[in-house]
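Below is one structure; the comments refer to it alone.
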Amino acid sequence: MPRYLVAEAPREALPITPLVKAELKGWLAGPGAALRGWVQSTGFAAKPGELCLVPGKAGKLARVLVGCEAHDELWALAALPQSLPQGVYRLDAALGTRAATKAALGWALGGYRFARYRKETKPLAALAWPKGADRAAVERCADAIFLARDLINTPASDMGPAELAEAA
């Protein structure tokens, strides 16, 4: 299991609310009404890839809003593992099995780092497995894609025919 996907959401896991631009106004009138002033003051418009970090009463991060395109579950969260502060997050959205699986895979792919020649520096943000996500499928896909990326990123001086055969 990728280390930036955790089995269970700890109690202090921060919610991530994915929002489509067309749904923002309705969300601010409903569940997000208490955050309306903050969201409007930051200029958050739920554009794809746009973030709004919402502080809590004590001034610490309490919620993340992320703009996404409709039906783009795979890439909607991909930038977050490396751009959010270290911690554990959970999706604050009801997703079907397919969407939850794609969201988890997108998070996993966004956490890829080619670290063969250097040590990792900044710890990544972690996501609690979305409810209904097919863990086995995500792990298989992420492992396969990471292997392909590692093979592509390895210079030819370290990835000759023998090393490629061994990797295969």
Side-chain angles (χ1 to χ4, degrees), residues 1-21 23-70 72-113 115 118-143 145-146:
M1 175 169 43
R3 65 184 171 278
Y4 35 82
L5 286 167
V6 296
E8 292 183 29
R11 196 165 178 232
E12 65 276 1
L14 298 169
I16 296 174
T17 305
L19 293 166
V20 175
K21 188 174 185 174
E23 298 170 353
L24 179 61
K25 189 175 182 180
W27 186 81
L28 289 173
L35 305 176
R36 184 180 312 125
W38 176 262
V39 172
Q40 290 174 341
S41 71
T42 65
F44 178 75
K47 295 175 191 168
E50 185 178 23
L51 290 178
C52 180
L53 303 178
V54 180
K57 293 178 183 177
K60 292 183 178 181
L61 182 60
R63 173 180 297 275
V64 175
L65 306 179
V66 60
C68 55
E69 292 187 40
D72 186 22
E73 298 91 1
L74 181 60
W75 299 115
L77 307 178
L80 300 183
Q82 296 196 40
S83 62
L84 287 178
Q86 181 183 6
V88 179
Y89 298 83
R90 63 178 171 77
L91 283 177
D92 185 28
L95 301 174
T97 299
R98 182 174 179 209
T101 301
K102 287 175 118 182
L105 179 58
W107 187 282
L109 295 178
Y112 172 79
R113 293 183 184 174
R118 61 181 177 188
K119 291 185 179 183
E120 294 185 24
T121 54
K122 178 186 167 199
L124 298 176
L127 179 70
W129 280 100
K131 290 181 183 176
D134 184 342
R135 291 183 190 190
V138 170
E139 290 172 357
R140 281 191 314 270
C141 287
D143 288 344
I145 292 168
F146 289 176

Would you find a donor on one side and an acceptor on the other, under 3.5 Å apart, between the side chain of Lys122 and the backbone of Gln82?
yes
Given Ile16, Leu80, Leu65, the one that forms side-chain contact (heavy atoms from CB on, under 4.5 Å) with Leu51:
Leu80
Is any side-chain N of the basic residue among Asp134 and Arg98 closer than 4.0 Å to the acidic one's carboxylate O?
no
So CZ of Arg118 and CZ of Arg113: to nearest 0.5 Å the spacing works out to 8.5 Å
Checking the side chain of Glu50 only, and the main-chain atoms of Ala46 only, is there a donor and an acceptor separated by less than 3.5 Å?
yes
With distance as the sole test, does Glu69 use its side chain to make a donor-acceptor pair with the main-chain N or O of Ala76 at under 3.5 Å?
no
I need the single residue from Leu77, Leu84, Leu19 that forms a side-chain contact (heavy atoms from CB on, under 4.5 Å) with Val66. Which is it?
Leu77
Distance-only, no hydrogens or angles: does the Arg36 side chain make a donor-acceptor pair with backbone N or O of Leu28 under 3.5 Å?
yes
Other residues, nucleotides, ligands: >12 heavy atoms within 6.0 Å of Trp38 CH2:
no
Separation between CG (Leu109) and NZ (Lys102), nearest 0.5 Å, reads 12.0 Å
Between CG of Leu24 and CD of Gln40, what distance do you get to the nearest 0.5 Å?
8.5 Å
Distance (rounded to the nearest 0.5 Å) between Thr17 OG1 and Glu23 CD
11.5 Å
Thr42 to Val39 - nearest heavy-atom pair and separation:
OG1-O, 2.8 Å
Heavy-atom nearest pair, Ala128 first then Val88, reads N-CG1, 4.4 Å
Nearest-0.5 Å distance that lies between atom CD in Glu12 and atom OH in Tyr89:
12.0 Å
